[in-house]
Structure formats: structure tokens, C-alpha cells
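One structure is given below, encoded as C-alpha cells.
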Amino acid sequence: MMSKATSNTRYVLLRYLSGALLFRVLFCCGVLVSLLEILALLEQTTPILQRHQGVLGILNYAFMRLPFLLSGALPLSMLIGALLMLTQLTLASEMAILRAAGLSTFGVYKYLVPATLLIGLAGVVLDDQITPRSEQALAAWWNRTDPHPEQGHSFWFHDGTNLNAVGHVADGGNILGTVDIYLRNEQHMLVKTLHAHNAHYIGAYGWLLYDVDGLGIDLQNQKVDRLPHVAEMPWQTTLHPQDFIRLSAGNAPLSTSTVIGMLRGQLPSDSSPGFLKAGLMERFLRPASLLVLLLIAMPVIYIPPRTGTRSWLPVWCLGAGLLFIVVQGLLRAMGNAGLLPPPIATVPALIIFTLGALTVLLRNETR
């Protein structure tokens, strides 16, 4: 009978604390995303209206941009939501009641872990499946409605052993301007170059290159031959318009399957292997990052009752959480630049701030 009552108590406590944390994190996420959406629309409304997309275009832009903004706002929402919940519980003396009933600080943390992991897993799904698709659709729509696509930036990418350069992308990826193809053999030796004025996607027939000039190169004999001009010729590539939209978007969000395909050389890539590996590790460490942010917020339960809202403890915890987010970003940037290997660019910040937060909690427990 006692065991059943204890189990019910634990269930009620888990549901109450998890529900409180989820509500506040979602509320903070909604506020932050709304602010970011307003700022984005302030910047992009004029270009959208200049493209004659009207109010529907503004709504389309806001809807397709939403997953990306949600993904970016999630860590800060977790930090602020946890601080709000724990501070309110402490100031309302609920935390004192729980501690008087025998629940330790780490016991409270244990009850908040399931909700945090749920938010983290939702963030992984958002980063891995939803955001890449929405950003791909946004980039295709933005390119399709661009009245001057020829002013877009050029880009290089690997396609197997070959190197390719594209001047610009138009018509949602169906038209390419100024295509340069550098064909290499299995030893990565240059054997031929092709320069096309433009390329068009013809559906089931694939790509056609127009106004093609080229050079045949024999490096062993140090011989270069000019190839005859061709009005049009097929381009033997497995790429589709959406691939060129992704490549033209720069560091666009990528799904795990796409990243693995790039690392294996099965998909075209314009990013270094270190950049791809660091992004993959950071994505699947998202739940661990949120657990660290929750741990950083835990010291607010030690706010003295007489201090109340005048306590600086929530401010210090907020500052520590922001520092953690900044340090993670700096290490990730160094990993993207190839200055640090992917594990060093993602894991140390988690370990350092976890140990720091545990030190603060243990010090307060022993007082």
C-alpha cells in the first residue's frame, strides 16, 4: 500500500514539474520566435513586395522560415523557461516544501530530465527533418521569384571526383548560368575541362549544356587540345534542381542522410568533412546541451526567502547559460574553420559547464 502511494506521488510530481517546464519553455520559445519573425519580416517585406508577391508572399516567407527560427531559439528558450519555473517555485515556497519532504536538489533535477529530453529530441527531429525541407522550399521559392537571378553568387562543389563551378541559379534551380566542369580521373588528375554558357533541366532527359567549349588535357605528355565547339550536349550528372538550390544557399541546414551521403562522396558537397561531422555531432548532442542548460539554471532554488525578487542569482544563472551558448558557438566556428577536430569543437563545452554547475550545486548543498 505504501509502495503504491509512493508511486502515485512520484507520478503526480513528475507530471506537475514536467508540465510546468514544458509550458514555460514553449511560452518563451513562442515569444522569442515571434520577435525573430518580426525582425526578419521587417528586413524582407520590401523585397517580397518588390517581387509582387503581396501579403500571401509575406505569409509564405514567415511560414517557411518558422522551423529555422524555432531551432535557433530552442536553447535560449530552455534556459529562460527553466529559470522562470524554478524561480517561481522557489518564491512560492513550493521548492521549500519539496525539500522539506525529503526531495533533494538532484531529485528535482531527475524529475525534470524527461521533459528536457523530450524537448531535446523534438529539437533533433526539427533540425534533421523539418528545417532542411523548409529552408530548401524557401530557397527555391526565393530563387524562382527573383527578377535578377544573374546577380546571384557563384559557387563551387565536388561531384564525385569532378570539380564544378556554377555562376548563378535561376528558375528554382532549373536553369544554371555559366557552368564550368573539371573532369578528373580516379587518380584525381585533370583530363578535360568544359565551359558552358548555361544549362537547362529537361525533366526526364536530365541536363543539357548549351554553347560548350572545352579542353582535352594530357598531363603525362604535357599536351592540351582544344575541343570543338558544341551547341548543346547532355550533362552526365545525377544532380537535380533542388541539389543546386541547396548548394547555392551556402551553409543550408542538412538532414543526416544528406550529410552522410556527402561524407561518403555520394552527394555533391561544398563543405569540408570537418564542418559536416561537427554539425552532425552538435545535432545529436542537442538533448545533452539542454540538460546542461537545465543544470545551469538549478542554483536559483537556493534564493533566500527574504531576498525574493531582489536576488541576483537568476541573473548570474542567465549569464552562465548565455556564456555556455556563446562558448559552444565559438568552438563550433573553430571546428567549421578546421582549427579544431569535430569532437573537440562539440564536447568540451558540455563537460566544462556541467562540472561548473555541479560544483555550484554541491557547494550550496553543503552549506
Side-chain angles (χ1 to χ4, degrees), residues 3 5-29 32 70-71 73-90 92 94-128 281-303 313-314 316-318 320-325 327-328 346-366:
S3 176
T6 303
S7 178
N8 289 335
T9 302
R10 289 176 179 174
Y11 173 74
V12 171
L13 192 57
L14 175 64
R15 186 178 63 179
Y16 174 71
L17 293 176
S18 298
L21 180 62
L22 285 171
F23 173 77
R24 284 161 180 79
V25 171
L26 292 176
F27 175 77
C28 293
C29 196
L32 289 175
L70 278 172
S71 177
L74 195 58
L76 189 58
S77 301
M78 182 68 207
L79 175 63
I80 297 176
L83 285 172
L84 285 175
M85 186 206 72
L86 294 172
T87 302
Q88 289 173 351
L89 290 178
T90 302
E94 293 180 67
M95 194 60 66
I97 295 172
L98 292 176
R99 292 174 65 83
L103 191 64
S104 65
T105 301
F106 295 102
V108 175
Y109 182 80
K110 181 181 67 175
Y111 280 110
L112 295 174
V113 166
T116 305
L117 290 177
L118 180 63
I119 296 171
L121 292 176
V124 172
V125 174
L126 186 68
D127 290 341
D128 190 61
M281 291 187 65
E282 183 185 39
R283 174 174 303 166
F284 289 103
L285 286 174
R286 171 64 69 89
S289 298
L290 298 187
L291 288 174
V292 174
L293 287 171
L294 175 62
L295 196 62
I296 291 173
M298 288 298 296
V300 297
I301 66 175
Y302 298 109
I303 295 176
L313 199 52
W316 291 116
C317 291
L318 178 62
L322 292 176
L323 181 62
F324 170 67
I325 295 173
V327 169
Q328 270 196 315
T346 52
V347 177
L350 297 175
I351 298 175
I352 293 170
F353 280 86
T354 297
L355 295 176
L358 287 174
T359 301
V360 173
L361 290 176
L362 292 173
R363 184 179 179 183
N364 281 277
E365 282 288 312
T366 54

### Query
OG of Ser289 to CZ of Phe324: how many Å apart, nearest 0.5 Å?
4.5 Å
### Task
Check step by step if side-chain contact (heavy atoms from CB on, under 4.5 Å) holds for Phe353 and Val327.
CA-CA 10 Å; Phe353 280 86; Val327 169; 4.1 Å; yes
## Note on the structure
Pro75 and Leu293 have their tightest heavy-atom pair at O-CD1, 3.4 Å
### Message
I need the minimum non-hydrogen distance between Val300 and Ile303, along with the two atoms involved.
### Response
O-CG1, 2.9 Å
### Query
Under 6.0 Å from the CZ atom of Phe23, do we count more than 12 heavy atoms belonging to anything else shown?
no
### Query
Looking at Ser71 and Leu126, what are the two nearest heavy atoms and their distance?
N-CD2, 3.6 Å
### Message
For Ile301 and Leu89: C-alpha separation, side-chain torsions, deciding distance, then whether side-chain contact (heavy atoms from CB on, under 4.5 Å) applies.
### Response
CA-CA 8 Å; Ile301 66 175; Leu89 290 178; over 6 Å; no
### Task
Would you tell me whether Tyr302 and Thr105 have side-chain atoms, one donor and one acceptor, within less than 3.5 Å of each other?
yes
### Task
Apply the test side-chain contact (heavy atoms from CB on, under 4.5 Å) to residues Leu112 and Met85: give CA-CA distance (whole Å), side-chain angles for both, the deciding distance (0.1 Å), then the verdict.
CA-CA 11 Å; Leu112 295 174; Met85 186 206 72; 3.7 Å; yes
### Query
Hey, does Leu121 have a side-chain heavy atom less than 4.5 Å from the side chain of Arg286?
no
### Query
Among Thr116, Val360, Leu361, which one satisfies side-chain contact (heavy atoms from CB on, under 4.5 Å) with Leu295?
Leu361
### Query
Within a strict 4.5 Å, meaning less than it, do heavy atoms of the Arg24 and Ile80 side chains meet?
no
### Message
What verdict does the side-chain contact (heavy atoms from CB on, under 4.5 Å) test give for Val108 and Met298, after you've listed the backbone C-alpha separation in whole Å, the side-chain angles of each residue and the deciding distance to 0.1 Å?
### Response
CA-CA 9 Å; Val108 175; Met298 288 298 296; 4.1 Å; yes
### Query
Hey, what do you get for CG (Leu355) to CG (Leu350), rounding to the nearest 0.5 Å?
11.0 Å
### Task
For the residue pair Leu294 and Leu290, establish whether any side-chain heavy-atom pair is separated by less than 4.5 Å.
no
### Query
What is the minimum heavy-atom distance between Ala349 and Gln328, and which atoms define it?
CB-CG, 3.9 Å
### Query
How long is the gap from CE on Met78 to CD1 on Ile325, to the nearest 0.5 Å?
11.0 Å
### Query
What are the two closest non-hydrogen atoms of Leu117 and Pro287, and how far apart are they?
CD2-CB, 4.1 Å
### Query
Is Leu358 close to Phe106 at the side-chain level, that is, under 4.5 Å between some pair of heavy atoms?
yes
### Task
Could you tell me whether a side-chain N or O of Tyr111 sits under 3.5 Å from a main-chain N or O of Tyr16, the two making a donor and an acceptor?
no
### CZ/Phe284: more than 12 non-hydrogen atoms of other groups inside 6.0 Å
yes
### Query
For the atom pair CG (Leu98) and CG (Leu17), what is the distance rounded to the nearest 0.5 Å?
6.5 Å
### Query
Which value, rounded to the nearest 0.5 Å, describes the distance between Leu318 atom CG and Ile296 atom CD1?
10.5 Å
### For Cys29 against Ser77, the heavy-atom pair lying closest together
CA-OG, 3.0 Å
### Gap between atom CZ of Arg283 and atom CG of Asp128 - 0.5 Å precision
5.0 Å
